[in-house]
Number of protein chains: 2
Amino acid sequence: MKRKITLKQIAKELDVSISTVSKSLRDSPEISEDTRLKVQAFAKLYNYKPNNIALSLKNRKTKTIAIIIPEIVHHFFATVISGIEQVAGENGYNVIICLSDESFDKEVINMEMLANGSIDGFIMSLSKETQSKGDFHHIIEVINQGMPVVMFDRVTNDILCDKVIIDDNRAAFDSVERLINNGFKKIAMITTVDYVSVGKLRTEGYLRALRANDVAVDENLILRIEDIDNCAEDIERFIAANKPDAVFAVNELFAVTAIKAAKKAGFDVPSDISVIGFTDGIISKYSSPSITTVSQDGIEMGGKAAKMLIQRLEMEDAEEEQEEHYRTEVIETHLVERESTTSLKKGNF
Amino acid sequence: MKRKITLKQIAKELDVSISTVSKSLRDSPEISEDTRLKVQAFAKLYNYKPNNIALSLKNRKTKTIAIIIPEIVHHFFATVISGIEQVAGENGYNVIICLSDESFDKEVINMEMLANGSIDGFIMSLSKETQSKGDFHHIIEVINQGMPVVMFDRVTNDILCDKVIIDDNRAAFDSVERLINNGFKKIAMITTVDYVSVGKLRTEGYLRALRANDVAVDENLILRIEDIDNCAEDIERFIAANKPDAVFAVNELFAVTAIKAAKKAGFDVPSDISVIGFTDGIISKYSSPSITTVSQDGIEMGGKAAKMLIQRLEMEDAEEEQEEHYRTEVIETHLVERESTTSLKKGNF
DNA sequence: TTTCAACACGAAAACGTTTGCGCGACCCTT
DNA sequence: AAGGGTCGCGCAAACGTTTTCGTGTTGAAA
């Protein structure tokens with residue numbers, strides 16, 4: 001129950017000044033070998049470790065970065081955190097997690113709470129509510145205070161900062177084109193409402209692929225889910241009514257629900273209907289049939305984001321006046337072929 | 001790019017002392033309404049917020065708790081974090097995440113790193129390596145320094161502290177007994193090696209249920225997985241060789257793999273083989289057939305853990321000499337019946 | 001007019017560090 | 001013996017707060 005020992009206490013015990021103790025422990029040449037060793041031995045004995053808070057105050061940096069994400073019980077976000085934590089750890093940074101629960105207010109509160117010296121920078125993905133509101137004042141304010149922000153996945157053009165994204169539009173385009181080239185005629189899409197940036201981009205990619213290949217866009221073949229928690233009936237009705245021969249879903253959940261719906265309607269997957277999902281998570285891997293999906297590497301994304309943030313933080317040290325050149329990194333995606341699609345050849349034929 | 005404003009700057013601008021500013025902002029009656037309002041207006045204008053680090057240093061508490069878990073890309077742990085974050089937030093606490101990656105060394109490093117004033121307390125679940133080593137000195141040391149620790153799920157009797165667990169043994173016992181009572185004869189078990197505490201407890205529950213119901217234990221019906229990443233072949237061989245009529249798996253992964261293996265071997269689930277898993281995560285819900293499973297509520301577990309920790313932290317404030325009465329909370333589990341089992345009646349008949 | 005309370009504010013210590021600078025003691029050189 | 005240089009250490013400021021304890025001014029009571 002002994003509290004942690006401080007420089008002051010060591011100084012008192014050894015009857016020297018605090019500065020002498022500090023310098024001894026930092027191997028300053030100012031101090032004689034005698035005192036230095038004596039102090040070091042004593043410090044080791046009592047397991048002295050400098051108080052991080054005091055250091056943070058003095059150095060005006062906390063070596064801590066905050067992650068603000070909509071939710072954590074979500075495979076993709078969990079992998080991103082994992083990636084961030086890894087490179088943060090390698091660079092001596094800690095990681096604070098805040099969940100916005102897709103709520104604008106919580107996002108704001110969390111940011112304001114942490115922006116008062118607790119952390120050195122943010123890595124964040126926007127909540128749905130923030131995206132639909134289009135209100136980013138809290139983020140802009142933080143940036144104006146000179147605190148670096150890196151956004152990933154759910155980003156916005158309205159904010160100037162470093163970003164890490166995948167090319168959602170292109171990934172969707174490639175997948176759908178691949179389906180077209182493999183002879184599928186009625187390619188349905190299950191997507192979100194448009195204010196979710198990634199949903200929107202993936203939808204655009206789908207449409208672009210159809211147009212680029214002279215396939216007529218049939219609005220009936222596009223299902224936009226409002227309430228993600230109760231999408232099962234909608235999807236069942238959709239599949240049964242439209243009888244597509246392929247389904248492109250913008251996330252895992254829609255994909256697996258589509259498969260279940262197809263089975264229920266008497267279709268076999270993949271022989272009657274092929275299904276492609278988005279995000280290579282647990283569901284895609286373990287559902288049966290396992291799901292062909294666009295993989296976005298969350299670990300890599302998190303890692304990249306953390307690297308960008310840390311780089312900017314360390315840059316600040318060197319030259320106070322940093323160049324305000326913001327980068328946007330695009331993470332490669334690729335199609336992971338599994339059992340929910342008939343074998344898909346590459347290329348146009 | 002204006003740095004955050006401080007009391008000192010406000011004081012200078014308004015030509016009063018720092019103390020006057022501080023007192024004004026905290027509505028001290030010592031200050032005349034005149035100055036008070038003036039200061040408050042100015043502070044509001046410049047969006048003054050007290051620096052958290054300085055407060056932490058002064059108050060000797062950071063309002064931050066650390067979570068140390070083996071991994072985060074794991075549904076159960078993610079739900080626990082979610083539960084912790086929620087009640088932490090409600091009580092004005094922040095949450096730092098550290099991943100041990102199942103490594104003893106990383107666990108130690110993370111704890112030592114944070115124990116130097118960065119946080120007020122720990123919530124943790126042991127890494128496998130720590131459990132197999134049985135070396136808990138880092139945790140004991142932290143506790144001896146007066147820092148509260150709450151352990152959950154993967155705990156140990158070698159440490160005295162608050163704990164939150166589920167009754168693994170009983171949950172397993174109940175599930176297996178339910179299978180027995182429903183007429184299953186060859187109930188196989190897929191489990192981990194014994195040093196994983198929860199695996200061990202669940203195994204014990206399985207054995208206890210067999211013995212309590214006079215079913216002979218057949219060691220051939222127990223499969224202990226060493227390498228969790230390459231368990232598929234082992235499980236396939238196991239199922240094909242032993243042809244059980246029911247399988248009790250100690251986690252989701254084993255359960256879903258068992259189902260796939262059964263299908264491969266030509267069995268139907270559930271009509272030929274019923275499968276019960278453990279942990280109600282994504283896999284159980286979305287695999288087909290969906291999996292009957294023992295649900296352990298991670299949110300509740302995390303919430304309880306956070307409550308216990310915070311309670312202890314606030315208790316410390318009141319009476320420095322806290323009573324060292326540690327509690328162990330047991331979270332209720334229940335069987336979620338889905339498609340991987342034939343309908344299971346309750347009770348003995 | 002003196003005394004005392006109330007009032008409004010400031011000085012300073014404290015939390016635990018790091019670090020530039022000053023200062024005394026010693027030794028060596030002329 | 002006087003001057004200069006080196007060595008070893010302590011003082012104090014700084015990071016941004018909060019809070020205790022003065023202290024000077026005012027107004028009113030005696």
Side-chain angles (χ1 to χ4, degrees), chain A residues 2-40 43 46-64 114-120 145-146 317 320, chain B residues 2-40 42-43 46-64 114-120 145-146 317:
Chain A
K2 50 185 179 192
R3 272 256 163 297
K4 291 234 61 152
I5 197 166
T6 69
L7 285 187
K8 193 193 274 196
Q9 293 169 45
I10 299 183
K12 195 170 165 192
E13 290 294 322
L14 262 40
D15 208 36
V16 292
S17 78
I18 296 183
S19 11
T20 304
V21 177
S22 176
K23 286 170 185 164
S24 298
L25 295 177
R26 323 203 104 250
D27 282 325
S28 159
E30 280 186 63
I31 304 298
S32 71
E33 195 176 350
D34 241 31
T35 6
R36 187 159 53 77
L37 293 180
K38 188 177 63 181
V39 171
Q40 290 180 350
Y46 281 88
N47 192 26
Y48 170 80
K49 298 267 169 52
N51 179 305
N52 273 327
I53 296 291
L55 285 182
S56 296
L57 182 58
K58 181 137 215 356
N59 302 332
R60 272 112 137 272
K61 67 184 47 157
T62 61
K63 284 277 187 176
T64 303
L114 290 171
N116 305 126
S118 301
I119 57 150
D120 295 342
Q145 279 172 46
D317 294 350
E320 180 56 45
Chain B
K2 49 182 181 192
R3 270 257 163 293
K4 291 234 61 150
I5 197 166
T6 68
L7 286 187
K8 193 193 277 195
Q9 293 169 46
I10 299 184
K12 197 170 163 192
E13 290 295 323
L14 262 40
D15 208 38
V16 292
S17 77
I18 297 183
S19 8
T20 303
V21 178
S22 175
K23 286 170 188 164
S24 299
L25 295 177
R26 322 203 105 251
D27 281 326
S28 158
E30 280 187 63
I31 305 296
S32 72
E33 193 174 351
D34 239 30
T35 13
R36 188 159 52 78
L37 293 179
K38 187 178 63 179
V39 171
Q40 290 180 349
F42 190 90
Y46 281 89
N47 193 25
Y48 170 80
K49 297 269 167 52
N51 180 305
N52 273 327
I53 296 292
L55 286 181
S56 295
L57 182 59
K58 181 137 215 356
N59 302 331
R60 271 109 141 278
K61 68 184 48 158
T62 60
K63 284 274 186 180
T64 303
L114 290 172
N116 305 128
S118 301
I119 58 150
D120 295 343
Q145 279 171 51
D317 293 352

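Side chains included, hydrogens not; waters and symmetry mates left out as well; all remaining heavy atoms used. Order of the sequence lines fixes the chain letters, A, B, ..., with proteins taken first and strands second; residue numbering starts at 1 for each chain.
- When the salt bridge (Lys or Arg N to Asp or Glu O under 4.0 Å) test is applied to B:Glu13, no partner is found at least two apart in sequence or on another chain.
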Exercise for the section: For each nucleotide in nucleotides 16-21 of chain C, reading 5' to 3', give B when a protein heavy atom comes within less than 4.0 Å of its base, S when such contact involves only the sugar-phosphate, and - otherwise. Expected result: BBBBBB
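- A:Leu114 meets the side chain to side chain contact (heavy atoms under 4.5 Å, CB included) test with A:Ala66, A:Ile96, A:Cys98, A:Ser118, A:Ile119, A:Phe122, B:Asn94; sequence neighbours excluded.
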Output one line per pair: protein atom, nucleotide atom from nucleotides 23-25 of chain C, and distance, for all N/O pairs under 3.5 Å.
none

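- Take B:Tyr48 and apply the ring pair (Phe, Tyr, Trp, His ring centres under 6.0 Å) test, not counting sequence neighbours, and it matches no residue.
- In this structure B:Lys58 satisfies the salt bridge (Lys or Arg N to Asp or Glu O under 4.0 Å) test with no other residue, sequence neighbours excluded.
- B:Thr35 pairs by the side-chain hydrogen bond (donor to acceptor under 3.5 Å, both in side chains) definition with B:Ser32, not counting sequence neighbours.
- For the helix from C:dT1-D:dA30 to C:dT30-D:dA1, the rotation axes defined at the first and last 5 base pairs enclose an angle of 90°, given to the nearest 10°.
- Checked against side chain to side chain contact (heavy atoms under 4.5 Å, CB included), A:Asp15 has no partners two or more places apart in sequence or in another chain.
- Looking at residues two or more places apart in sequence or on another chain, you find a side chain to side chain contact (heavy atoms under 4.5 Å, CB included) between B:Thr20 and B:Val16, B:Ser17, B:Ser24, B:Ile31.
- Backbone-only engagement by B:Thr35 is indicated by non-hydrogen atom pairs under 4.0 Å involving sugar-phosphate atoms exclusively.
- Annotation: side chain to side chain contact (heavy atoms under 4.5 Å, CB included) contacts of B:Lys8 (sequence neighbours excluded): B:Thr6, B:Ile18.
- For A:Asp34, there are no salt bridge (Lys or Arg N to Asp or Glu O under 4.0 Å) partners, not counting sequence neighbours.
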